[in-house]
Amino acid sequence: MDRFHALVIGGGGTGAAVAHDLTLRGLQVTLVERGELTSGTTGRHHGLLHSGARYAVKDQESAIECIEENLILRRIAPGTFEENDGLFVAIDDEDVAYSHEFVEGCQECGIPVRRLSREQTLRLEPNLNPALQMAVQVPDATMDAMRMPLRFFATAKHNGAVIKPFTEVVDFIKYGSAVSGVRVHDLTNDKVYEIKADIVINAGGPWSGKISHMVDVDVPIRPSPGVMLAVRGRLCNMVVNRLHRSGDGDIIVPQRGLSVVGTSSWVVDDPDDLGVPEEHVQLMLEKGSELIPQVKTAPFRGVWSAARPLIGPRGADTGRELSRTFKCFDHADEGVEGFVTITGGKATTLRGMAEAAANVVCQKLGVNAPCRTREVVLLPHAAYYG
Ligand SMILES: Cc1cc2nc3c(=O)[nH]c(=O)nc-3n(C[C@H](O)[C@H](O)[C@H](O)COP(=O)(O)OP(=O)(O)OC[C@H]3O[C@@H](n4cnc5c(N)ncnc54)[C@H](O)[C@@H]3O)c2cc1C
C-alpha cells in the first residue's frame with residue numbers, strides 16, 4: 001500500500017497538467033491511468049491548438065480561455081507547435097455576412113485577426129476551394145496530441161510524481177463520508193491493491209461521470225463524440241476552418257504528411273461505446289471537400305472517434321449547444337470530502353484547468369503555494385522515457 005498527498009485519476013492532458021501543477025507546489029503526487037498515457041480522448045483529438053476563434057461568437061468564455069492558454073503554452077512548451085496559424089474561409093455569401101460578427105467576436109475576446117482577400121488567401125493555400133470569397137487569419141496552430149501532454153508528464157515525473165499507466169480505479173476507500181484513497185487493478189499483473197491519499201482528483205474527462213458514480217456523486221458530464229477522418233497528403237499547411245457557425249466537417253488540420261478532417265458531434269451515455277457511424281464519415285468527406293476539393297480524391301488513411309467531456313444537463317441534443325469551458329467541482333458541497341473533479345475544457349486549456357483544480361486542492365489541504373505553471377518551461381516529451 002502507498003500513501004500520497006494527492007492522487008489523480010486519468011492520464012489524459014488534464015491529469016498530466018494537474019500532476020505537474022501539484023508536484024511543483026510541493027505535494028507528493030501519484031497518477032493512475034487505466035490504459036497507456038493519453039489513451040482516452042487526449043490521444044485521439046484533432047491536434048489543433050485553438051486560438052479561441054471557433055468559439056468567439058457563441059462561447060466567449062471558452063474563447064478567452066483558449067487564447068490565454070494558447071499564448072502560455074507556446075511559451076512553456078517551445079518546439080511543440082507548428083506555428084502555422086489558421087484560416088477561417090468564407091465560401092458563400094452567408095459566410096461573408098458572418099465574417100463581421102466573427103471578427104467582432106474575436107476582437108472582444110482578444111484574438112488577433114487579419115482579413116485576407118480571395119487572392120491573398122489562395123496564395124497562402126492554393127488547394128482551397130477556388131470559389132472562396134475571403135478569409136480571416138488567426139493564431140491557431142497544429143500540435144501533436146500525445147507529445148504535448150507528455151511534456152507535462154515528463155516534468156511531473158522528473159519532480160517526483162509517480163505515474164502509473166495500466167492501473168484502473170475500481171473502487172474508492174472512504175473513512176466516514178470522506179474519500180481516503182482508491183482501490184486499483186494493476187492490469188500488468190492482475191493484482192488489486194489500495195493507494196491512500198489525502199485528496200483524490202477526478203480528471204477522467206468523458207469518464208468523470210462514471211468515476212464519480214463510484215462514490216455516489218453526480219458530475220453533469222455529457223460525453224459528446226466526434227468522428228475524424230485522415231487522408232494522405234498535406235493538403236494545407238495552415239489549419240483551415242469554414243467561416244460559419246461551428247458545424248460538421250468544417251476543420252482540416254495538417255498533421256505531418258496527413259490531413260485530418262473533423263468533426264461531427266452527438267451525445268452518448270457511455271464513453272466506452274462510441275462507434276464510427278458511416279454517415280459521419282461521408283459527412284466529413286462531403287463537408288471537408290467544400291473547403292479543399294482534394295479531400296474527396298486523396299488516398300484514404302483512416303477514421304476514428306473520441307468523446308468530448310462537455311459539461312451540461314441531460315437532454316442535450318448534439319453537444320454543439322454546450323459550452324467548451326471547464327469547471328472544478330469540490331464534492332464536499334454534496335457531502336463527500338476529499339474528492340474533487342476537474343472536467344470540461346479543451347486539450348488547449350489543460351494548464352488552466354489544472355491551475356483551477358490545484359487551487360481548490362491546495363486550499364482544502366491548507367497548502368499555501370502559488371501556481372508556477374505559467375512560467376516553468378516543460379521538459380521535452382522524450383524525457384518522460386528517460
Ligand atoms: C473529436 C474531437 C476533437 C477534438 N479536437 C480538439 C482539438 O483539436 N484541440 C483541442 O484543444 N481539443 C480538442 N478536443 C477536446 C479535447 O480532446 C479534450 O477536451 C481533452 O483531450 C480531454 O482531456 P482529459 O484529460 O480531460 O480527458 P481524457 O484524455 O479522456 O483522459 C481521461 C482518462 O481517464 C482514464 N480513465 C477513465 N476511467 C478510469 C479509471 N476508472 N481508472 C483510471 N483511469 C481512468 C481514461 O482512460 C482517459 O485516458 C477534441 C475532442 C474531440 C472528441
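Every number for a ligand or one of its atoms is a count from 1 in the order of the listing.
- Residues satisfying the ring-ring contact (aromatic ring centres under 6.0 Å, His included) criterion with F102, sequence neighbours excluded, are F88.
- Numbered from 1 in the order shown, with element, the atoms of ligand 1 that lie under 4.0 Å from a heavy atom of T14 read 23 (O), 24 (P), 25 (O), 26 (O).
- Between E61 and K327 no salt bridge is recorded (no basic side-chain N to carboxylate O distance below 4.0 Å).
- At a heavy-atom distance under 4.0 Å, only side-chain atoms of M228, from C-beta outward, approach ligand 1.
- Ligand 1 has no atom lying under 4.0 Å from any heavy atom of G35.
- Under 4.0 Å from ligand 1, the heavy atoms of A307 that appear belong solely to its backbone.
- Using a 4.0 angstrom heavy-atom cutoff, G13 counts as in contact with ligand 1.
- Judged as a ring-ring contact (aromatic ring centres under 6.0 Å, His included), and not counting sequence neighbours, the contacts of H50 are Y55.
- Of the charged side-chain nitrogens involved, at least one lies within less than 4.0 Å of a carboxylate oxygen, so that K296 and E286 count as a salt-bridged pair.
- Side chain to side chain, W207 and D272 meet the donor-acceptor criterion of an N or O pair below 3.5 Å.
- Close contacts of ligand 1 with T167, meaning ligand atoms under 4.0 Å from a residue heavy atom, involve 43 (C).
- Here is the list of ligand 1 atoms found below 4.0 Å of a heavy atom in T263: 1 (C).
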